Amino acid sequence: MWEKFRDVRTLGAIGVLAFIAIVGILNLTVYTPEATVLRYLSAIEDGRVVDAERIVWGDHVPDGVSVGLPADSANRPHDFTVIGSARTANVTTVDVSFTLGGQKVLTKFAMTEVPNWLPFRDWRFEIEPVATVLQTGSAPIRLLINGVLPGKENLTLVPVLAEVGSGSPWFDATDVSVSATTPEDVYLADLKPTPTPALAEVLESSTRDYLDDCAAQKILVPAECPFAGFTAMTVTAGPEWSIDTYPNLTVTSEDGEWVVKGDGKARLSVTLVDFATEKSEPYSELLLFTISGTLTGLDSNTPRVVVSNTVEF
């Protein structure tokens, strides 16, 4: 009986030692910072954005973060090779080379170990492998990055050739590719946005409503309006305003803002008392006016013009 017990105990000890050995081997091969980085890069290469997010953030992507991956596989990295790693305090820096857009690139990833109750080591990115993409060269619009409308920040997973275009229904822009390879860096997309017909339609409608409200004011100087009439003569009837020609609006970028301008014509009809004859005479005048203002509400369903050149007196 004792020999059987001793044999079972020996087998148990061997089993424990084998388990410890297997855990040790896996922690040296599978559950390493280098292996974690390579799993992440493989997810990027395959376009598996959910898997990439899970490796970076676990089961909880931070609020306001929305990321995608380039639809074109040529804009994702391949041929990864770990060329070295270095440990400083609790952070391990992993150097990886890869091919992106036909070019060899080197990127460093900072990894840190996350405590857990499992025997296997768990590694996470100390510096999240995301970069910021900003627009340059014109007034800002909402961006579409890798087919996704980003959240509160214009983020892309790295390394990729980020596919950047217009994420606004009010502006068109030819897509551009931006090489984003280093975590936490900021990269610029040189988009050249142009207004869409939808924007022109909305602005034309809102501007007509604005001018019609101005014309409905039966005073010589309509409040907060771009046209006015002035006279030293006595007014006995009117004034009556009408819009003869609504402005054809243009939208341009000036000093980082979208500026709206357009010329129109308003007709003033009024009855005045002639000083010489003291008779009441009808008078009509066609007045040129200019709409000038800035464009707001581009993140809403109703962009509008804030008119800046109203008449002052």
Side-chain angles (χ1 to χ4, degrees), residues 21-70 73-134 145-146 150-162 177-189:
I22 292 171
V23 168
I25 292 171
L26 290 175
N27 280 330
L28 291 174
T29 56
V30 177
Y31 299 101
T32 66
E34 295 84 355
T36 302
V37 170
L38 291 178
R39 284 197 297 273
Y40 166 76
L41 291 174
S42 294
I44 296 292
E45 179 184 25
D46 296 340
R48 294 181 281 113
V49 66
V50 174
D51 291 341
E53 287 178 343
R54 186 173 291 114
I55 294 170
V56 176
W57 293 293
D59 294 328
H60 302 287
V61 178
D63 291 339
V65 171
S66 181
V67 293
L69 289 171
S73 61
N75 289 338
R76 302 194 295 264
H78 56 92
D79 298 335
F80 325 111
T81 302
V82 174
I83 61 174
S85 61
R87 185 179 180 89
T88 304
N90 296 322
V91 176
T92 299
T93 302
V94 180
D95 297 338
V96 182
S97 70
F98 50 87
T99 301
L100 181 64
Q103 302 293 322
K104 277 292 185 182
V105 182
L106 171 66
T107 294
K108 297 178 180 292
F109 296 95
M111 309 297 293
T112 186
E113 187 173 0
V114 180
N116 65 77
W117 57 271
L118 295 172
F120 304 112
R121 305 178 75 178
D122 187 14
W123 295 88
R124 288 286 183 269
F125 287 91
E126 173 73 10
I127 299 175
E128 295 173 352
V130 294
T132 301
V133 179
L134 299 179
I145 303 176
N146 299 325
K152 60 186 178 182
E153 299 179 77
N154 290 341
L155 297 180
T156 178
L157 294 168
V158 296
V160 295
L161 292 178
S177 292
V178 176
S179 179
T181 58
T182 304
E184 289 196 324
D185 265 10
V186 176
Y187 296 92
L188 301 179

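Position 1 is the first residue of the sequence, and the numbers go up from there. If you're wondering where the values come from, they're calculated on a predicted model, not measured in any experiment.
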Quick one, [X] and [Y] - any side-chain contact, counting heavy atoms below 4.5 Å?
| X | Y | result |
| --- | --- | --- |
| P159 | L41 | yes |
| T36 | I55 | yes |
| V37 | V96 | yes |
| V130 | V158 | no |
| T156 | V67 | no |

[X]: partners by side-chain contact (heavy atoms from CB on, under 4.5 Å), with sequence neighbours left out:
| X | result |
| --- | --- |
| E153 | L155 |
| E45 | H78, F80 |
| V186 | T132, L134 |
| P150 | I145, N154 |

Task: Pairs flagged by salt bridge (Lys or Arg N to Asp or Glu O under 4.0 Å) wherever residues 60-69 is involved - sequence neighbours left out - done: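 For residues 60-69: none.
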Open item on the list: Quick test of your reading: applying salt bridge (Lys or Arg N to Asp or Glu O under 4.0 Å), list the pairs with at least one residue in residues 73-86, sequence neighbours left out, ordered by first then second residue.
Closed with: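 Not a single pair qualifies under salt bridge (Lys or Arg N to Asp or Glu O under 4.0 Å).
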Just list the side-chain donor-acceptor pairs under 3.5 Å for residues 99-109, sequence neighbours left out, or say none.
{"from": "T107", "atom 1": "OG1", "to": "T181", "atom 2": "O", "distance (Å)": "3.0"}
{"from": "K108", "atom 1": "NZ", "to": "D95", "atom 2": "OD1", "distance (Å)": "3.0"}
{"from": "K108", "atom 1": "NZ", "to": "D95", "atom 2": "OD2", "distance (Å)": "3.3"}

How far apart are the closest heavy atoms of [X] and [Y], and which atoms are they?
| X | Y | answer |
| --- | --- | --- |
| G68 | V49 | CA-CG2, 4.0 Å |
| A162 | N146 | CA-OD1, 3.4 Å |
| G151 | S66 | N-CB, 3.9 Å |
| W123 | R87 | CH2-NH1, 3.7 Å |
| N90 | T112 | O-OG1, 3.3 Å |
| N75 | S177 | ND2-OG, 4.0 Å |

Task: Chi angles and distances behind the side chain to side chain contact (heavy atoms under 4.5 Å, CB included) call for L38, V82 - done: CA-CA 8 Å; L38 291 178; V82 174; 3.9 Å; yes
Open item on the list: Among residues at least two apart in sequence or on other chains, which ones pass salt bridge (charged side-chain N to carboxylate O under 4.0 Å, His left out) with R48?
Closed with: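 Listed in chain order: D46, D51.
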Task: Qualifying residues under salt bridge (charged side-chain N to carboxylate O under 4.0 Å, His left out), relative to D59, sequence neighbours excluded - done: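 With neighbours one apart ignored, the set is R54.
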TODO: Find the distance between CD (E126) and CD (E113) and round it off to the nearest 0.5 Å.
DONE: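 With rounding to 0.5 Å, CD (E126) is 12.5 Å from CD (E113).
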Open item on the list: Run V160 and I44 through side chain to side chain contact (heavy atoms under 4.5 Å, CB included) and show every step you take.
Closed with: CA-CA 8 Å; V160 295; I44 296 292; 4.0 Å; yes
TODO: Can you tell me which residue pairs pass the ring pair (Phe, Tyr, Trp, His ring centres under 6.0 Å) test with a partner in residues 35-65, sequence neighbours excluded?
DONE: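 Passing the test, one end in residues 35-65: Y40-F125.
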